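Keep in mind the model is a prediction, meaning the values are calculated, not measured.
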Amino acid sequence: NSAIGAVFTDDGNIIATGQTEGLTSMQDMTGYNVKINDNGSTIWQSLHEEDAYFVLPWAIVKGAGEGEHYYNVGQLCVDDDIFDCPAYVTKTDNNGAVLWQKHVSDSRVAAFLGATSTNKGDIVTAGLSMDMHTERDWGWMASFNSIGEEKFNRLYSKGAQPLGNQTFYKVVRLPDGGYLAGGSTWEKYIDNIQNVQKAWLVRVDSNGCSTPNCIGDIVGVDVPTFVDNAVKLYPNPSNGLVTISNNQVFAPDTKVELYDNIGRLVRQLPSPNGKKMMSYDVTDLPAQMYILNISSGAKTKSYKLTIIP
């Protein structure tokens with residue numbers, strides 16, 4: 001058994017969180033909370049994420065808002081497959097009963113290592129998300145409201161691509177409503193040896209953006225990209241209802257512009273920033289051939305789009 005974190009309760013006692021041996025042969029370790037008084041006597045004990053094979057809680061924080069409640073964050077493995085290990089958030093009441101629990105990942109190994117609560121009852125988490133193809137880690141922050149609905153979910157990198165291991169260990173709420181995440185980065189691998197470790201601080205606003213409107217941020221669990229061969233436009237010909245799609249989310253600076261057949265800009269369409277797919281309605285335009293440009297940074301992909309009656 002191990003205790004990893006603790007928090008004071010409204011009645012002056014303590015709730016500690018950690019892991020303990022699983023109750024069945026299908027479990028290795030499971031998460032637990034225990035409430036103790038100032039003499040060290042146990043008031044109650046409870047388990048969470050009991051269906052998982054392995055659970056590692058990293059932090060517990062007291063929630064704000066209506067009713068006394070607490071949030072556990074950490075990492076779990078659904079079974080003995082080490083590549084199926086998402087981050088998790090569990091909300092419990094003041095008696096240790098689970099109110100809801102949420103697993104968060106996107107084909108990655110992930111963990112929430114720190115958390116803070118807001119005065120509205122939301123929780124903001126921080127940790128890491130590992131790309132199993134490159135074995136590089138991204139800094140990661142996500143926010144959930146009091147009923148477990150996702151408010152933002154963003155990745156962060158010191159550069160355009162992860163340098164090695166980039167991890168947030170703690171996040172605190174700032175007076176202006178934003179957040180400060182702290183952790184470390186490792187520089188690029190050299191001969192399979194991790195080079196220089198550096199402290200890492202990232203300040204974000206209430207939406208998790210480290211730049212105004214998240215321009216230049218790395219947004220979402222997918223890494224934003226612009227891959228020429230992966231961007232699709234359909235249907236074509238079209239009656240004016242068209243869709244663009246990508247195999248990963250579009251980058252924040254993606255622009256979509258429609259030109260007529262003599263090169264005049266007809267319409268600046270909304271950016272698909274942070275999405276894999278976006279649909280447009282241009283049924284008000286005359287039936288003819290157009291050029292649809294999708295651009296990001298120095299790259300532009302052009303399509304001939306035919307609008308039919």
Side-chain angles (χ1 to χ4, degrees), residues 1-79 85-105 110-128 141-151 168-173 179-182:
N1 299 343
S2 62
I4 299 172
V7 64
F8 283 104
T9 63
D10 286 349
D11 57 10
N13 296 304
I14 291 176
I15 297 177
T17 190
Q19 59 180 180
T20 187
E21 291 181 345
L23 301 180
T24 71
S25 60
M26 297 300 295
Q27 293 175 307
D28 184 5
M29 302 293 286
T30 192
Y32 82 92
N33 289 344
V34 55
K35 184 175 182 179
I36 58 176
N37 62 21
D38 55 2
N39 294 317
S41 299
T42 299
I43 300 174
W44 54 252
Q45 299 181 67
S46 68
L47 301 178
H48 60 270
E49 298 291 355
E50 296 177 65
D51 294 331
Y53 172 75
F54 180 87
V55 182
L56 180 58
W58 279 106
I60 182 172
V61 296
K62 186 178 182 299
E66 184 176 352
E68 186 178 353
H69 57 275
Y70 301 87
Y71 294 103
N72 287 93
V73 301
Q75 181 187 36
L76 60 83
C77 292
V78 176
D79 51 36
C85 296
Y88 79 87
V89 181
T90 298
K91 181 178 180 179
T92 61
D93 65 16
N94 61 345
N95 292 310
V98 174
L99 301 176
W100 55 258
Q101 52 196 28
K102 192 173 185 70
H103 301 171
V104 191
S105 72
F112 292 141
L113 305 180
T116 187
S117 61
T118 74
N119 53 13
K120 295 181 180 179
D122 301 340
I123 180 173
V124 176
T125 61
L128 68 104
M141 293 180 66
S143 175
F144 308 90
N145 66 17
S146 60
I147 59 174
E149 296 173 331
E150 185 179 289
K151 299 188 68 176
F168 292 137
Y169 298 103
K170 190 176 181 66
V171 58
V172 295
R173 183 160 53 98
Y179 304 94
L180 182 67

Task: Donor-acceptor side-chain pairing of Asn72 and Asn33 below 3.5 angstrom - done: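 A pair is found: one side chain offers a donor N or O, the other an acceptor, under 3.5 Å apart.
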
Which heavy atom of [X] sits nearest a heavy atom of [Y], and at what distance?
X	Y	result
Leu113	Leu128	CD1-CD2, 4.0 Å
Pro57	Gly31	CG-CA, 4.0 Å
Gln75	Ala111	CB-CB, 3.8 Å
Glu68	Asp10	OE2-N, 3.3 Å

Taking the side chain as everything from C-beta on, heavy atoms only, tell me whether [X] gets closer than 4.5 Å to [Y].
X	Y	answer
Val34	Thr42	yes
Leu56	Met29	no
Trp44	Asn94	no
Ser143	Val124	yes
Phe8	Ile14	yes

Between [X] and [Y] (side chain of the first, backbone of the second, donor and acceptor by atom type, cut-off under 3.5 Å), is there such a pair?
X	Y	answer
Asp93	Asn95	yes
Ser46	Tyr32	no
Ser117	Lys62	yes
His48	Ala97	no
Lys91	Ile147	no
Gln19	Val55	yes
Trp100	Ser146	yes

TODO: I would like to know whether Tyr179 and Val172 meet side-chain contact (heavy atoms from CB on, under 4.5 Å); could you show each step before the answer?
DONE: CA-CA 6 Å; Tyr179 304 94; Val172 295; over 6 Å; no

Task: Test side-chain contact (heavy atoms from CB on, under 4.5 Å) applied to Leu76 and Gln101, step by step - done: CA-CA 12 Å; Leu76 60 83; Gln101 52 196 28; over 6 Å; no

Drop me the distance from [X]'s [atom1] to [Y]'s [atom2], to the nearest 0.5 angstrom.
X	Y	atom1	atom2	answer
Phe168	Leu180	CZ	CG	9.0 Å
Phe144	Thr125	CZ	OG1	5.0 Å
Ile36	Ile43	CD1	CD1	8.5 Å
Lys151	Ile123	NZ	CD1	12.5 Å

TODO: Could you please spell out the steps behind the side-chain contact (heavy atoms from CB on, under 4.5 Å) verdict for Thr116 and Val61?
DONE: CA-CA 6 Å; Thr116 187; Val61 296; 5.7 Å; no

TODO: Before giving the answer on side-chain contact (heavy atoms from CB on, under 4.5 Å), spell out for Val89 and Tyr71 the whole-Å C-alpha distance, their side-chain angles and the decisive distance to 0.1 Å.
DONE: CA-CA 7 Å; Val89 181; Tyr71 294 103; 4.1 Å; yes

TODO: Might you confirm whether atom NZ of Lys170 has over 12 heavy atoms from other residues, nucleotides or ligands at distances under 6.0 Å?
DONE: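 It does not: Lys170 NZ has 12 such atoms or fewer within range.
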
Open item on the list: Here's a test for you: under side-chain contact (heavy atoms from CB on, under 4.5 Å), which of Thr90, Thr17, Thr92, Val73 qualifies with Ile60?
Closed with: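 Only match with Ile60 under side-chain contact (heavy atoms from CB on, under 4.5 Å): Thr17.
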
Open item on the list: Applying side-chain hydrogen bond (donor to acceptor under 3.5 Å, both in side chains) to Asp11 and Thr9, what does each step give before you reach the verdict?
Closed with: CA-CA 5 Å; Asp11 57 10; Thr9 63; 2.4 Å; yes

